[in-house]
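A short write-up of the structure that comes next.
All chains are named by letter (A, B, ...) in the order of the sequence lines, taking the proteins before the strands, and each is independently numbered beginning at 1.
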Amino acid sequence: MMRIFLLQRFSAIALLVFLTLHMIVLHYPPFHIDFDNVLERLENPVWKAIDIAFLFVVLVHALTGVYMVITDLDRLARYRGLITWISVAVGAAAFVYGTQTILAFQAP
Amino acid sequence: MTNVTIRVQRFNPDVDQKPHLDEFQIELTQGKTILDALHEIKEEQDGSVTFRRSCRHAICGSCAMNVNGVNMLVCDAPLKDFVDRRGRVTIRPLPYLPIIKDLVVDRTSFWEQYQRVKPWLLPPDDVPEKEFRMSPDEVKALQDAEHCIMCGACYSACQVVAMSKKYIGPHALLKAFLRVLDPRDSAPGERLTDLDQGDGVFRCHTIFNCIDACPKHLNPTQAIETLRKLVMKRQAFEAARAQRQQSLDQPISVE
Amino acid sequence: MYKTTGFVSFFLRRLTGLALVVYLFLHMWVIGSANAGEEAFNDRLDFFQSDFFKLMEIALLAAVVYHAFDGIRLLIVHYFDVTDQRKSMFYAVFVVSAILTVVGGLPIFLYMLE
Ligand code: FES
């Protein structure tokens, strides 16, 4: 339990940084987003790395959060083991999918 | 002479499907507590009103109820302070616990969780010849947690308890805190391991209802935060405790 | 129901948290269209940049900001002994996130009007 708590806490702290960055870059000032201007940023491998790390952290935080919400409920508490594994599987799948997306931004 | 309307939640398991509110008129006089009002109702108006009480001076913890949505000891609550704008006082049993009758709730889960944390002291094998000694700082760190009277106000106010009766609960975690931090206790490691379980300290969502509800102004939330930090450095804490127990019979030097 | 400021704060934390999880997966699906090439990506993004979704974005910002500041509050509670200030901290979180939502939402709103 301590591990889940710490995962959630450290991912939260990391998210404070990543998410602020993410929102400033993509929304301020607001502009029309299309493939080209995303590509322009993501051509830089540093941005690719940042985005992949961001993806990882956000998934950790989201899934630990959902895990806590579910296991709070009396009735579902006995499926705790199963819920853990489902969370890990969903997280891994989403990470692979998201990473693919990030890497898909390649100059043709 | 003013009258107040006391609304009491009634539930008789033999007759009622679900609880309902009954209204009683009570004269508001100086120094009358809510418990006095309940007594007056029981003696003069409706003998079937059922509630728990014993000491009537806020030390036995049996009269905890929910007045106008807030948990408190009714023997310690002046009636005049709780009359709302419409001249009413609403008394309900402690929320989230099974109702036995009227204002009496089933506290089984409360006591089960209390037992679970081993609320007693586990002293070291060799007890010092004279008395155990504790420094003023060590006593202060306990934050008066021994003042808890086990009334259940915090337990029934806790949102996490409302969702799961498997959660240890603020009352038992405060007691665990008292035992873990006590330098005379020789098993803080095992205690902390148990508190690390899925329904232990990390299940607390820092809602603070327990602090607001406590009639003794104790602070279970701070205790839980402290326990979390200790769980994170359990090994070091265990070693420090073993070290400390070498000198339990030594006089404390206070600068 | 035991209603206190703490309960309201907890309820909002849960609500925004779950909403953000739903949004996260939606978001990943939307930009996931990049896997199918530039055109698919531009098409789907055009759809999600209409005025309606711009307005929803402000709601999203409110959720993110509230959740973030509530989290910061929890961090402060964990690392400092501030349980006595709990009430003022709740209100501080409400006020700060409201202000930031307005400040941050305004450029999006103005852009939408253009
Ligand atoms: S009657 Fe004993 S605490 Fe109220």
Item to complete: Please indicate whether W120(B) has more than 12 foreign heavy atoms, meaning atoms of other residues, nucleotides or ligands, lying under 6.0 Å from its CH2.
Response: yes

Worksheet item: Does any N or O in the side chain of D74(A) come within less than 3.5 Å of the main-chain N or O of K165(B), such that one atom is a donor and the other an acceptor?
Response: yes

Worksheet item: Does atom NE2 of H20(B) have more than 12 heavy-atom neighbours, drawn from other residues, nucleotides or ligands, at distances under 6.0 Å?
Response: yes

Discussion item. Around atom CD of E40(A), are there more than 12 heavy atoms from other residues, nucleotides or ligands closer than 6.0 Å?
Written reply: no

Discussion item. Please report the interatomic distance CE(M163(B)) to OG1(T71(A)), rounded to the nearest 0.5 Å.
Written reply: 9.5 Å

Worksheet item: Quick check: are there more than 12 heavy atoms from other residues, nucleotides or ligands sitting under 6.0 Å from NZ of K229(B)?
Response: yes

Practice prompt. Would you give the length of the straight line joining atom CE of M2(A) to atom CG of L195(B), rounded to the nearest 0.5 angstrom?
Written response: 12.5 Å

Fill in: From F202(B) atom CZ to R9(A) atom CZ, the distance as rounded to the nearest 0.5 Å
9.0 Å

Discussion item. So for L6(A), is it side chain, backbone, both, or neither that comes closer than 4.5 Å to the heavy atoms of chain B?
Written reply: side chain

Item to complete: Start with the C-alpha gap between S164(B) and R75(A), add the side-chain angles, then the distance that decides, and say whether side-chain hydrogen bond (donor to acceptor under 3.5 Å, both in side chains) holds.
Response: CA-CA 8 Å; S164(B) 167; R75(A) 249 168 264 174; over 6 Å; no

Discussion item. Between R203(B) and M68(A) (side chain of the first, backbone of the second, donor and acceptor by atom type, cut-off under 3.5 Å), is there such a pair?
Written reply: yes

Response to the item:
By residue number, those in residues 90-103 of chain A with heavy atoms under 4.5 Å from heavy atoms of chain B are none

